[in-house]
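Right, one structure below, let's go through it.
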Amino acid sequence: MKYVVTGATGHLGSQIVWALAQLVSPREITLGVHTPSKAADLSQRGMTVLPLDYRETQTVAAVLQDADVAIYVPSKSHDSFSRVTEFENVIAAAERAHVGHLIVMGFIADQANNPFDLSAFYGYVPRRLAASNLSYTILRNALYADPLVPYLPELIERHNVIYPMGDASLSFISLADSAAAFAKVAVTPALWRQSTYTLTQQRSYTMPALAAVLSEVAGQPIGYAPVTLSKFADLYNQGNEGHMLASMYAAGSQGLLATVTDDYVKIMGHPAQTLPNFLAANVTK
């Protein structure tokens with residue numbers, strides 16, 4: 001078998017590689033990475049490392065050639081047009097290479113009425129795949145729990161969660177749990193019968209409930225005092241990401257990021273790690 005993972009040195013991609021390597025031989029794994037030198041350790045373990053730039057079609061074709069299963073993790077482009085363009089290159093290459101099965105990272109912010117900057121891309125994914133001749137599975141992630149860990153010191157200093165969410169709730173999944181599900185689906189053809197799974201923990205959190213969890217983990221009181229969307233965009237505009245982040249919480253405030261399913265249990269046979277347990281295991285007091 002040839003298993004391909006794109007974006008293999010990114011936050012999710014690197015964890016997918018680790019999880020997949022627990023299930024198959026490293027020599028069955030091919031990695032598509034923007035900077036191959038960052039994957040030198042993986043190459044030394046026996047994995048094939050190839051250069052990949054989603055905008056350069058020849059590199060996409062080379063990575064997907066003869067793939068039995070390919071896992072596509074999108075780039076970190078901040079606009080839907082760029083991601084759709086990259087995705088089209090992947091679809092075209094996968095069809096030409098007759099990829100056996102394509103697994104695609106989705107996100108719960110894919111509804112037609114979702115104001116998130118990237119919702120157009122995530123909404124495009126299932127429609128475009130349905131129009132292709134590929135065998136595919138979409139794994140829609142909830143919000144990653146992981147960024148809450150480095151964010152916690154700032155929340156302690158502010159004494160409040162400040163997400164502009166109103167009374168709505170957010171659903172989470174850890175990168176490790178998401179990656180484990182990607183790897184399990186990749187090696188389990190029986191799971192391909194369902195075209196879309198949504199990876200979440202077993203409950204969502206209103207902001208007061210999230211603040212209570214963070215308070216318990218931090219051992220310090222954290223409340224909820226939301227700022228406006230424009231203020232949030234200004235506060236977190238490093239790398240010009242402010243508007244994108246604010247648009248995500250605009251979606252959240254409309255209840256569009258609160259999805260909870262049992263799909264993770266269907267795939268893995270057990271629930272995803274709870275948010276309190278994840279934070280307790282990863283936060284150093």
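Just so it is clear, the values below take in all heavy atoms, side chains as well, and ignore hydrogens, waters and symmetry mates. We count residues from 1, following the sequence as given.
Checked by atom type and distance alone, the side chain of Arg55 never pairs as donor or acceptor with a backbone atom of Glu86 at under 3.5 Å. Checked by atom type and distance alone, the side chain of Asp79 pairs as donor or acceptor with a backbone atom of Phe81 at under 3.5 Å.
The only option from Ile108, Leu199, Leu170 that meets the side-chain contact (heavy atoms from CB on, under 4.5 Å) definition with Thr259 turns out to be Ile108.
Closest non-hydrogen pair, Leu64 versus Ala93, comes out as CD1-CB, 3.9 Å.
Counting heavy atoms from C-beta outward, Leu102 and Leu129 have side chains that approach closer than 4.5 Å. Counting only heavy atoms from C-beta outward, the side chains of Phe182 and Leu20 never approach each other to under 4.5 Å. In this structure, the side chains of Thr9 and Thr35 stay at 4.5 Å or more apart for every pair of heavy atoms. At least one side-chain heavy atom of Ile222 sits less than 4.5 Å from a side-chain heavy atom of Val161. Side-chain atoms of His243 and His78, non-hydrogen and from C-beta on, never get closer than 4.5 Å to each other.
Between Tyr249 and Tyr163, the ring-plane angle classifies as parallel under the 30° and 60° cut-offs.
Rounding to the nearest 0.5 Å places CD1 of Ile138 at 11.5 Å from CE of Met105.
For residues 187-230, the ring-ring contact (aromatic ring centres under 6.0 Å, His included) pairs, not counting sequence neighbours, are His101-Trp192. Residue pairs satisfying the ring-ring contact (aromatic ring centres under 6.0 Å, His included) criterion with at least one member in residues 20-63, sequence neighbours excluded, are listed as follows: Tyr54-Tyr72.
Within 6.0 Å of atom CG in Asp167, 12 or fewer heavy atoms from other residues, nucleotides or ligands are found, so the atom counts as exposed in its surroundings. Open room surrounds CD on Glu157; 12 or fewer heavy atoms of other groups in view lie less than 6.0 Å from it.
A salt bridge links Lys266 and Asp263; the closest N-O separation between the charged side-chain nitrogens and carboxylate oxygens is under 4.0 Å.
A donor-acceptor contact under 3.5 angstrom links the side chains of Ser204 and Ser169, judged on distance only.
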Point to revise | side-chain contact (heavy atoms from CB on, under 4.5 Å) assessment of Tyr122 paired with Asn114 | key: CA-CA 10 Å; Tyr122 287 112; Asn114 195 302; over 6 Å; no
